[in-house]
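Given the structure is predicted, the values throughout are model-derived calculations rather than measurements.
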2 protein chains.
Amino acid sequence: METRELRYFVTVAEELHFGRAAQRLGITQPPLSRAIHQLERRLGAALLDRTSRTVTLTEAGTVLLAEGRAVLEAVEAAERRTRRAALPPTGRPGLVLVTKASASRELLAKLLDAYAAEPAAVPIDVTLCGPAEQERLLREGRADVALLHRPFDSTAGFHTEELSTEGQVVVLPAGHPLTVRPHVHMADVSGLPGLPLPRWPEPDGTYPPGPGPQVRDHAQLLQLVALGRACAVSPESCRTQLPDDLAAVPVLDAPKVTTVIAWPPHSRSRAVADLVRTATSLR
Amino acid sequence: METRELRYFVTVAEELHFGRAAQRLGITQPPLSRAIHQLERRLGAALLDRTSRTVTLTEAGTVLLAEGRAVLEAVEAAERRTRRAALPPTGRPGLVLVTKASASRELLAKLLDAYAAEPAAVPIDVTLCGPAEQERLLREGRADVALLHRPFDSTAGFHTEELSTEGQVVVLPAGHPLTVRPHVHMADVSGLPGLPLPRWPEPDGTYPPGPGPQVRDHAQLLQLVALGRACAVSPESCRTQLPDDLAAVPVLDAPKVTTVIAWPPHSRSRAVADLVRTATSLR
DNA sequence: CCGGATCAATACCTGGAAGGTATCGTTGCC
DNA sequence: GGCAACGATACCTTCCAGGTATTGATCCGG
């Protein structure tokens, strides 16, 4: 299977219309029909059910659509990573690390310091972004390593090493009645009047329905908490970054949060390997 | 990048010799040279350093070798999964599940029973194989789901859900002095005279150096323990399958073993999704 | 029920690229 | 210094990707 055939098939499968697919691909319809036929013949499998009016995916076509998208993504990532590896060493970031703005600064600082002391250390670019972004950057080959937080972030498809585990706290406006308690439970915070838990975007960018404000990043969230419009359940390491007008109380039965260092499989370069080793030896 | 170009490059990178690579590819050397040049031109990156005597990989070439292999594997898996999805439903296994022969029969039986009760259940083929095999089958698209054991098996690159966690026991010949103890520690069993811990093969099929017999599967291992040539540290669920001539003693400080259900990303079919849901609801 | 519109398939042609053969230029080595 | 090994280059041929024109089937409005 050539990537060209896969691109053709994925496009047709997405459009379910040969004419539009051909237009998107910048070719005409007849060669596209032929290419799909040839692909079906070679696979020995019907991928599309076509009448002269409608096109639908067969079971096999559904499988190939998912697989094909993954392959095409992998090809693009391969190109990008290869190109980046070829840039002249001067000016090229040795490694790109992505993490959330809300991640523990302490852990990150310790990691960067320890790695910088390595004999073969290369410069590290740190990119801060939201959770959905991280995964995408890593998958697309624009970043080399990420610090992710289980169970919130999906680590599917990556190699990971656990770095640390911590409990969670609920972040409240200073002076809130709950802040005098030494600790609380999820039941205490899930239905606070006037202080709903916020909604985070799904991987596809949409928000789940429900009450609670929509937030994109941690700064927005803290702002909302300070304004008394929401409360937040966050890893306890965020306490060191809280302004005076916010308070945090441990939530005993909140799921533990594990910070992991993640990197794409198959691309464990010397630098990534060194960084991962440094990270795990910090533990 | 076309998969043909990737196949060419990966072959040359493996052989580090255009002539041999061309032979392996079933073409002649000149088109191969040209194809690699064209790939380099399009990527804007030198992949190989060639003198008229030697060929070596550049940094970018090393990256593309790793990435390219992954892409080619993904393409092959995509073909296989598509072909399997196209087989006539009769006779085709709905799902192929791989697990180790040593895995808990209880858990597996419960899972299969519970899934069979689902309204949309499809027949399940169970394949038993060694740990290294499992990963390969799943990655190559010959299997749909696997029961893996962390931290022994690598779950990198797969989606997983945790099913159960258990401690480990040391398996000894019946009558061994340690068998009278209610529990032991790793230190007690790591240096038992005449009963070394066995060596398992690495993913590449080689064995790490050291004392202890080489084993490929659990049956071999139990045989060796029964013969008094080794002892084994195994998940405690194996106790239900022990013959009379073997005894097991809990090892308090052995790492906990987590059984996870794993499946390849991007191919979460209806049947796999159902099975995973069934598995997690058993918990 | 008919004619037009829509859309995939087919027929046929052309240019370019993939692959082959022959040869050259460089380099290591006896 | 001459030979052998090996990648690059030159040149040719074949085949296939892609284009244009057309057919054939289906839906729809009148």
Think A/Thr28 has a side-chain N or O under 4.0 angstrom from the OP1 or OP2 of D/dG19? yes

Judged by modelled atom types alone, do B/Glu15 and B/Thr11 share a side-chain donor-acceptor pair under 3.5 Å? no

Taking C-beta and beyond as the side chain, do B/Thr127 and B/Leu97 meet within less than 4.5 Å on heavy atoms? no

Round to the nearest Å and state the distance from A/Ile27 atom CD1 to C/dT14 atom C1'. 17 Å

Residues two or more places apart in sequence or in another chain: which of them pass salt bridge (Lys or Arg N to Asp or Glu O under 4.0 Å) with B/Arg199? none

How would nucleotides 1-16 of chain D be written as a contact map, 5' to 3', with B for base contact, S for sugar-phosphate-only contact and - for no contact, using protein heavy atoms under 4.0 Å? ----BSBBB-B-----

Between C1' on C/dA17 and CD on A/Glu2, what's the gap in Å once rounded to a whole number? 13 Å

Under the salt bridge (Lys or Arg N to Asp or Glu O under 4.0 Å) test, residues paired with B/Arg34 that sit two or more places apart: none

Here's a test for you: under salt bridge (Lys or Arg N to Asp or Glu O under 4.0 Å), which of A/Arg81, A/Arg84, A/Arg270, A/Arg80 qualifies with A/Asp144? A/Arg84

According to side-chain hydrogen bond (donor to acceptor under 3.5 Å, both in side chains), who are the partners of B/Thr3, at least two apart in sequence or on a separate chain? A/Glu2, B/Arg7

Value for CZ (A/Phe9) from CG (A/Leu43), rounded to nearest 0.5 Å, stands at 9.0 Å

Check DNA chain C against residues 6-13 of chain A and give the residues with a non-hydrogen atom under 4.0 Å, in numerical order. none

Quickly work out the A/Leu39 CG to C/dA9 P distance and round it to whole Å. 13 Å

How close or far is atom P of C/dA17 from atom CG of B/Leu32, stated in whole angstroms? 18 Å

A/Pro213: what forms a side-chain contact (heavy atoms from CB on, under 4.5 Å) with it, not counting sequence neighbours? A/Pro196, A/Pro198, A/Leu224, A/Ala230

To the nearest angstrom, the CD-C1' distance between A/Glu40 and C/dA8 comes to 12 Å

note: B/Leu25, atom CG; C/dA18, atom P; distance rounded to Å ~ 14 Å

